[in-house]
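Numbering of ligands and ligand atoms starts at 1, following listing order. Only this structure's heavy atoms are used, side chains among them; waters, hydrogens and symmetry mates stay out.
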Amino acid sequence: MARIGQATVAAPANIAFMKYWGNADHALRIPRHNSLSMNVTGAVTTTTVEFDDTFSGDSVTIDGELITGGEADRVSAFLDHVRRLTNTNHFAKVTSQNSFPRGAGIASSASAFAALALASVTALGLEWSNEQLSALARLGSGSASRSIPDGFVEWHAGSDHDSSHAVSLFPAEHWAIVDLITIVQSGAKEVGSTQGHQLADTSPLYEARVTSVPDRLDTMKKALAAKDWQTFGELVESESYSLHAIMMTSHPGILYWSPATVRVLLAVAQWRKEGVLAYCTIDAGANVHVLCQEADVARVKERLEALEGVERVIEGRPTHGARVIE
Ligand code: DP6
């Protein structure tokens, strides 16, 4: 038997309430500031990694399709980090399945690299701490560092590989926030996050954003601890606008929104005036995460589905981080 080891891991995507945008070190994905997120059900990646000393290269299969090109290279580059940090030289067979259809607009590098990190280390027979696993996942995709610990998570920017990792602030049961992932665009986005992070500091507004993060994060964490929905929601929505202001004012500028994005933003603002307290947050794409409390899910979802340009709405609820399932 030439097999070295195999493991299967399920990892969730996460939605950032305080966003990661811009790096102090691009190669290591050391961010300029902390970020905060919630792991969500509704978008899970399940990945099996098998190391075998007869393999002559890495292979990557995603949702039944053998992957080549840039995506496969990114996985192999990540596996090179695994090999370097674990002092091994075996190639791997990676088989990944997403709980959401490919190209649904929620393909998540966070769930993908969190699953890959834990599965790789486990397949090699190693037991790493969550901090070590989170730092490793970060090398694949920054936001993946936040899909390792449970529930509500803060990624400490840190200053080097070991110190830049995420920790759990509260378990998933802390607060039943619902993320209504509102898909208005299912194709691939034009500017990927990796490219976006490199443009961040070309915005004249970026340093002001970085300076303002610690205070805003502190207030957000207090609202999260106190479960103060209105304070929390207002902060999360304004943080998303702060992120998009940076994107729009970068050189070149990036406008991720589509007409349907704006339609959702305006509708949610109107519903708030009518007493339904939902809030919006948007990542590097056109889709809108509409956050609401459990009591409002049915009516907010129904209203979202009725808006022109909304393709589908996926429910995401707080959940634990990456777990070994086999
Ligand atoms: C806007 O983690 O996707 O979603 O490290 O290059 O893979 P890479 O970037 P990524 O950036 C996430 C950007 C964001 C905000 C966030 O999730 O914090």
Side-chain angles (χ1 to χ4, degrees), residues 11-40 43 45 70-71 73-75 77-78 81 105-117 134-149 152-158 161 164-166 169 179 181 185 188-201 203 206 209-210 213 216-217 220 235-248 250 254-257 261 280-289 291 316 321-322:
N14 66 74
I15 177 63
F17 300 140
M18 181 63 69
K19 311 289 190 183
Y20 154 48
W21 202 245
N23 289 315
D25 182 324
H26 290 298
L28 290 181
R29 293 185 155 85
I30 312 272
R32 284 290 307 277
H33 55 76
N34 293 14
S35 55
L36 191 153
S37 63
M38 174 180 97
N39 290 329
V40 285
T45 303
E71 233 178 320
D73 292 346
R74 186 166 172 182
V75 171
F78 178 78
H81 284 299
I106 48 170
S108 162
S109 59
S111 56
F113 282 100
L116 186 58
S134 171
L136 173 63
R138 191 201 74 239
L139 294 169
S141 176
S143 53
S145 67
R146 297 188 311 239
S147 284
I148 294 287
F152 297 84
V153 171
E154 181 173 5
W155 171 12
H156 294 282
H161 174 69
S164 188
H165 60 250
L169 294 173
D179 175 10
I181 309 166
Q185 189 170 295
K189 54 200 180 205
E190 244 168 66
V191 184
S193 324
T194 306
Q195 211 183 329
H197 291 297
Q198 293 176 5
L199 295 175
D201 62 10
S203 162
Y206 186 63
R209 167 173 167 79
V210 173
V213 166
R216 290 189 294 129
L217 189 56
M220 193 181 282
L235 274 166
V236 169
E237 193 169 292
S238 111
E239 157 58 12
S240 169
Y241 283 116
S242 158
L243 169 76
H244 285 267
I246 301 302
M247 293 161 161
M248 291 173 194
S250 295
I254 322 169
L255 178 61
Y256 283 109
W257 303 349
T261 308
C280 297
T281 183
I282 306 174
D283 286 335
N287 300 322
V288 187
H289 294 254
L291 306 173

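Of the candidates His244, Arg29, Lys19, it is Arg29 that places a heavy atom closest to atom 8 (P) of ligand 1.
A donor and an acceptor atom, one from each side chain of Thr281 and Lys19, are located under 3.5 Å apart.
From Glu154, atom CD reaches atom CG of Asn34 across 4.5 Å, with rounding to the nearest 0.5 Å. To the nearest 0.5 Å, atom NE2 of residue His244 and atom CG of residue Asp283 are 6.5 Å apart.
Among all protein heavy atoms, the one lying closest to atom 17 (O) of ligand 1 is Arg146 NH2, 2.8 Å. Among protein heavy atoms, the minimum distance from atom 1 (C) of ligand 1 is reached at Ala284 N, 3.6 Å. Among all non-hydrogen protein atoms, the one lying nearest atom 3 (O) of ligand 1 is Ser193 OG, 3.2 Å.
Under a 4.0 Å criterion applied to the non-hydrogen atoms of Thr194, ligand 1 contributes the atoms 6 (O), 7 (O), 8 (P). Listed by atom number, the atoms of ligand 1 under 4.0 Å from Ala16 heavy atoms are 16 (C), 17 (O), 18 (O). Ligand 1 places these atoms under 4.0 Å from at least one heavy atom of Ser141: 2 (O), 3 (O), 5 (O), 7 (O), 8 (P), 10 (P). Which parts of ligand 1 touch Ser143 is read off a 4.0 Å heavy-atom cut-off, strictly below it: atoms 2 (O), 3 (O), 10 (P), 17 (O). Near Ser109, meaning under 4.0 Å from one of its heavy atoms, ligand 1 places the atoms 3 (O), 7 (O).
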